[in-house]
There are 2 protein chains.
Amino acid sequence: MDKKSLLIETSLKLFYQDGIHAVGINHILATSGVAKKTLYNHFETKEALIQACVIERDKRFMNWLSQACQHAHSTSQFIEFFFNALDDWINNRVQALGEFRGCFFVNTSAEYSDLDNPIFQQCLQHKLKVKTYIENSLSAFTNDIGECQQLTDQLILLKEGVINSAFIMQDKQAALKAMKILKLSV
Amino acid sequence: MDKKSLLIETSLKLFYQDGIHAVGINHILATSGVAKKTLYNHFETKEALIQACVIERDKRFMNWLSQACQHAHSTSQFIEFFFNALDDWINNRVQALGEFRGCFFVNTSAEYSDLDNPIFQQCLQHKLKVKTYIENSLSAFTNDIGECQQLTDQLILLKEGVINSAFIMQDKQAALKAMKILKLSV
DNA sequence: GTTAGAGTAGACAAGTTTGTATACTTTGAC
DNA sequence: GTCAAAGTATACAAACTTGTCTACTCTAAC
């Protein structure tokens with residue numbers, strides 16, 4: 001693995017584990033075994049490294065989600081795949097996303113919560129991307145745009161609730177509970 | 001206001017705004033206008049101050065929530081009051097909770113996400129307290145314990161989803177959307 | 001008026017932070 | 001084999017971190 005990727009990999013893991021401000025550059029260097037000059041060769045500042053991490057996390061998340069839902073052939077099947085994927089993640093069956101500690105984007109936003117902060121904006125954009133992905137996927141199964149949008153809103157709302165509850169309440173059944181709610185209402 | 005309360009008040013505001021690690025003791029002192037010795041007279045360490053902040057936030061949250069829902073006389077009315085309260089909060093109509101920046105307990109947990117960290121445990125306990133409050137409130141309106149538990153789970157899941165979505169997606173309508181979901185399924 | 005408790009102001013210690021600079025080594029392309 | 005690019009190791013600067021300490025002041029009770 002090239003040094004730049006190694007640095008992002010290491011930082012992503014440490015940032016997700018302990019938060020951004022709590023993890024110093026030196027800690028990242030010691031863990032990755034990379035020299036300081038190499039880091040500042042690839043990234044102008046710590047902030048640039050953080051931004052690269054957010055981009056990488058977004059990539060991994062979208063890859064995982066789209067793969068998990070790709071074989072859905074109906075709305076109800078999409079819902080099932082979607083929440084099963086979340087269930088896998090919060091129960092640590094998805095290696096690409098690391099040991100579950102809630103939503104990386106929410107955790108990161110909590111440390112950069114000003115609306116005009118570029119890191120917050122990156123996190124917001126990720127969430128919008130997920131929303132667009134869901135809406136596009138669902139639109140294949142129905143012609144009713146309103147219904148499609150409403151279901152997207154509901155999936156998003158429940159997804160955020162699942163991730164949050166699984167993290168802070170340690171409710172590892174959250175995804176299955178959420179699936180039930182939608183199955184009752186759809 | 002006595003100095004101890006002033007320190008908690010100031011810290012709570014700054015921690016909620018910028019995160020815990022990002023806010024130094026000196027910043028808190030400069031903002032509150034309190035001397036360093038006074039702070040360390042009241043709190044042994046920064047961690048003790050953080051813990052006092054979590055306790056205070058829990059108090060304010062529970063007070064606000066229980067007041068907002070106290071006049072509910074039925075399950076559906078409770079749901080209405082509950083989500084209207086959330087709607088007030090995320091749209092900055094609740095002074096006691098400060099300018100909305102997501103869930104203080106989630107934001108804080110993100111910086112102390114080890115299960116055995118006492119701060120994480122405090123946040124977890126707060127969430128369990130909210131759950132107990134909801135379950136107790138609902139139990140007054142029905143004799144079906146299973147239904148009561150299920151609805152509690154749903155309310156919790158949607159509450160977390162609402163707070164998260166309102167924060168990171170800046171979806172200020174999230175609470176009203178969530179109310180709709182439950183009205184469809186109940 | 002005296003006195004004890006609480007607060008102020010700020011210097012200080014010891015360690016950490018991000019980021020730069022220097023001197024040396026490895027590696028891969030030609 | 002040469003040479004440039006990339007990496008290593010580490011010292012260093014400047015600022016910041018938490019927490020301690022000293023000397024002074026204010027305030028309220030008696």
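In this model, the phosphate group of C:dT17 is not approached by any side-chain N or O of A:H27 to a distance below 4.0 Å at OP1 or OP2. The phosphate of C:dT18 (OP1 or OP2) has a side-chain N or O of A:K46 nearer than 4.0 angstrom. Side-chain nitrogen and oxygen atoms of A:H42 include at least one within less than 4.0 Å of the OP1 or OP2 phosphate oxygen of D:dG7. Look at A:T38 and you'll find a side-chain N or O under 4.0 angstrom from OP1 or OP2 of D:dT8.
Not a single donor-acceptor pair, N or O on each side, falls under 3.5 Å between the base of C:dG10 and the side chain of B:K36.
The residue B:K3 sits close only to the backbone: its heavy atoms come under 4.0 Å of sugar-phosphate atoms, none of a base.
Looking only at side-chain heavy atoms (C-beta outward), A:L97 and A:Y16 stay at 4.5 Å or farther from each other.
Under a 4.0 Å N-O distance rule, the pair B:D153/A:K180 does not qualify as a salt bridge.
Among the nucleotides D:dT8, C:dG7, D:dT18, the one closest to any side-chain atom of B:N41 is C:dG7.
Counting to the nearest Å, the C1' atom of D:dC21 and the CD1 atom of B:I25 are 17 Å from each other. Counting to the nearest Å, the P atom of D:dT17 and the CD1 atom of B:I20 are 15 Å from each other. Atom NZ in A:K37 sits roughly 12 Å away from atom P in D:dA5 (whole-Å rounding). Distance, B:E44 CD to D:dT20 P: 8 Å, rounded to whole Å. Regarding B:L29, its CG atom lies at a distance of 12 Å from the C1' atom of D:dT17, rounded to whole Å. The distance from atom CZ of B:F43 to atom C1' of D:dT20 is 18 Å, rounded to the nearest whole Å.
Side-chain N/O atoms of A:N26 and A:K36 include a donor and acceptor closer than 3.5 Å.
Judged purely by atom type and a 3.5 angstrom limit, A:N91 uses its side chain to pair as donor or acceptor with the backbone of A:K172.
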